[in-house]
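Down below is the structure, laid out as C-alpha cells.
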Amino acid sequence: MRLLIVEDEKRLAISLARGLTAEGFAVDVVHDGLEGLHRACEGAYDLVVLDIMLPGMNGYRVCAALRAAGHEVPILMLTAKDGEYDEAEGLDTGADDYLTKPFSYVVLVARVRALLRRRAVAASPLVTVGSLRMDTAARRIHLGENEIRLTTKEFAVLEQLVLRAGQVVSKADILEHVWDFAYDGDPNIVEVYVSSLRRKLGAASIRTVRGAGYRLEAR
C-alpha cells in the first residue's frame, strides 16, 4: 500500500512516515499543498494523509480539487483546529475521516487501516489468476487448496503483479509502490523478492520480460 503524507510540520511528517513505513507501507512526504495536489493527481496512492493548514493551498482546497477531478483516493485530514464546524467543512469537501492534533499515533494507524479496509471491500478484495487466489483485505494467498505464507513485502510485490496480471510490470513501478518514491537502496531488491515468490509459487508463475519487467501468468 502506498501512502502520501501532506504535512508542513516536518518533524511530525518524518515521524509519521517512519512509523507507517515500519508498519509495511510505502510512504511519500511533501510539505506544501500545491505539491501535495500535484503528487496526489499524478501518483497511484492508496490513501492520502492531509493536513489542513498548509502553505500554497490549504487542505480543504486540495481535497476539493481532488474530488472535483474525480480522484476517489481515501483522505484522512489532520488539523490543529477543533470543533464540529471544522470537522464538517473537512468532510463536506470530500474527506473520508478527520483527526485533530495532538492525536495518538496508534489511533492514526487504526484510522488508516480502517479506511484502506473500507476501500478494499468496495473494490472487491478477492482476485483470482488461474489457480492463484489473493484476498487483499485479509492479506491471504491460496494456490489451489494450499495457503501460501508470505512476508509483508512479498505480499506487496505479488499484489502489484496480481492486480496487473498478464501485463508487464516494471521494476521501477514495483519499487515506487512497494518501497517509496525516495528509495535509494539497491534496485535489485525487487529481483530478490521475485525469486522468493517463484520458490513459493512455482518458477513458471512469474515471467521475466528482459529489459521491461515481470509478468504474472495464470497456471
Side-chain angles (χ1 to χ4, degrees), residues 1-33 35-40 42-56 58-60 62-63 66 71-82 86-87 90-91 95-121 125 136-140 149-160 173-187 189-190 192-193:
M1 292 289 182
R2 188 173 174 217
L3 311 184
L4 175 65
I5 296 175
V6 189
E7 168 62 68
D8 65 330
E9 293 182 40
K10 293 186 179 180
R11 291 180 63 182
L12 173 60
I14 291 171
S15 176
L16 291 178
R18 286 175 177 167
L20 290 167
T21 298
E23 297 285 340
F25 297 106
V27 183
D28 293 338
V29 178
V30 296
H31 307 294
D32 175 271
E35 177 65 14
L37 177 60
H38 173 74
R39 285 285 190 91
E42 296 297 322
Y45 291 102
D46 297 289
L47 184 139
V48 176
V49 178
L50 177 65
D51 189 31
I52 289 180
M53 304 302 290
L54 292 166
N58 70 40
Y60 294 134
V62 172
C63 183
L66 284 170
H71 294 282
E72 298 181 354
V73 59
I75 295 174
L76 172 60
M77 277 193 163
L78 305 179
T79 182
K81 289 186 173 184
D82 197 3
D86 296 320
E87 181 175 354
L91 297 175
D96 297 275
D97 203 353
Y98 186 101
L99 204 53
T100 302
K101 301 174 185 176
F103 52 80
S104 161
Y105 172 74
V106 173
V107 171
L108 179 133
V109 172
R111 297 281 186 92
V112 166
R113 293 195 183 281
L115 289 173
L116 291 172
R117 284 196 302 271
R118 198 179 307 163
R119 187 188 195 199
V121 169
T136 59
R139 304 191 71 75
R140 299 177 70 179
R149 300 291 184 181
L150 300 181
T151 67
T152 299
K153 288 296 188 189
E154 286 172 345
F155 188 95
V157 171
L158 183 61
E159 185 176 24
Q160 292 304 309
D173 277 348
I174 295 173
L175 276 172
E176 186 171 335
H177 285 80
V178 176
W179 281 265
D180 60 37
F181 184 82
Y183 178 75
D184 60 358
D186 187 350
I189 190 68
V190 175
V192 173
Y193 279 91

| remark: CD1 of Ile75 to CG of Asp97, rounded to nearest 0.5 Å, is 11.5 Å
| Distance, nearest 0.5 Å, that separates OH of Tyr98 from OG1 of Thr79 | 4.5 Å
| task | For the pair Tyr193 (side chain) and Val157 (backbone), establish whether a donor and an acceptor sit closer than 3.5 Å, ignoring hydrogens and angles. | result | no
| If you look at every heavy atom in His31 and Pro55, which pair is closest and at what distance? | O-CG, 3.5 Å
| query | What are the two closest heavy atoms between Asp32 and Glu35, and how far apart are they? | reply | OD1-N, 3.1 Å
| message | Is the shortest side-chain heavy-atom distance between Val30 and His38 below 4.5 Å? | response | no
| request: Before giving the answer on side-chain contact (heavy atoms from CB on, under 4.5 Å), spell out for Lys101 and Leu12 the whole-Å C-alpha distance, their side-chain angles and the decisive distance to 0.1 Å. | output: CA-CA 11 Å; Lys101 301 174 185 176; Leu12 173 60; 3.9 Å; yes
| query | What distance do Arg39 atom CZ and Ile5 atom CD1 have between them, rounded to the nearest 0.5 Å? | reply | 12.0 Å
| message | For Leu4 and Val73: C-alpha separation, side-chain torsions, deciding distance, then whether side-chain contact (heavy atoms from CB on, under 4.5 Å) applies. | response | CA-CA 10 Å; Leu4 175 65; Val73 59; over 6 Å; no
| Under a 4.5 Å cut-off applied to non-hydrogen side-chain atoms, are Leu175 and Ile189 in contact? | yes
| note | The reported gap from CD in Glu72 to CG in Leu66 (rounded to nearest 0.5 angstrom) is 11.5 Å
| note | Heavy-atom closest pair (Cys63 atom, Ala95 atom, distance to 0.1 Å) is SG-N, 3.4 Å
| query | Taking everything shown except Arg139 itself, do over 12 heavy atoms lie less than 6.0 Å from its CZ? | reply | yes
| query | With distance as the sole test, does Asp46 use its side chain to make a donor-acceptor pair with the main-chain N or O of Arg2 at under 3.5 Å? | reply | yes
| said: If you define the side chain from C-beta out and look only at heavy atoms, does anything of Phe25 sit under 4.5 Å from Val112? | reply: yes
| request: Find out whether Asp96 and Leu76 are in side-chain contact, i.e. whether some heavy atom of one side chain is under 4.5 Å from a heavy atom of the other. | output: no
| Note, Asp8 side chain near Met53 side chain (heavy atom, < 4.5 Å) | no
| Going from CG on Leu50 to CD on Glu7, what distance comes out if it is rounded to the nearest 0.5 angstrom? | 9.5 Å
| From CZ (Arg140) to CZ (Arg149), nearest 0.5 Å | 7.0 Å
| Does the side chain of Val29 reach to within under 4.5 Å of the side chain of Ile14, using non-hydrogen atoms? | no
| said: Counting C-beta onward and ignoring hydrogens, is there a side-chain heavy-atom pair between Val178 and Val190 closer than 4.5 Å? | reply: no
| message | Could you walk me through whether Val6 and Asp51 satisfy the side-chain contact (heavy atoms from CB on, under 4.5 Å) test, starting with their C-alpha distance in whole Å, then the side-chain angles of each, then the deciding distance to 0.1 Å, before giving a yes or no? | response | CA-CA 6 Å; Val6 189; Asp51 189 31; 5.9 Å; no
| said: Treating Ser15 as the side-chain partner and Arg11 as the backbone partner, does any N or O pair qualify as donor plus acceptor under 3.5 Å? | reply: no
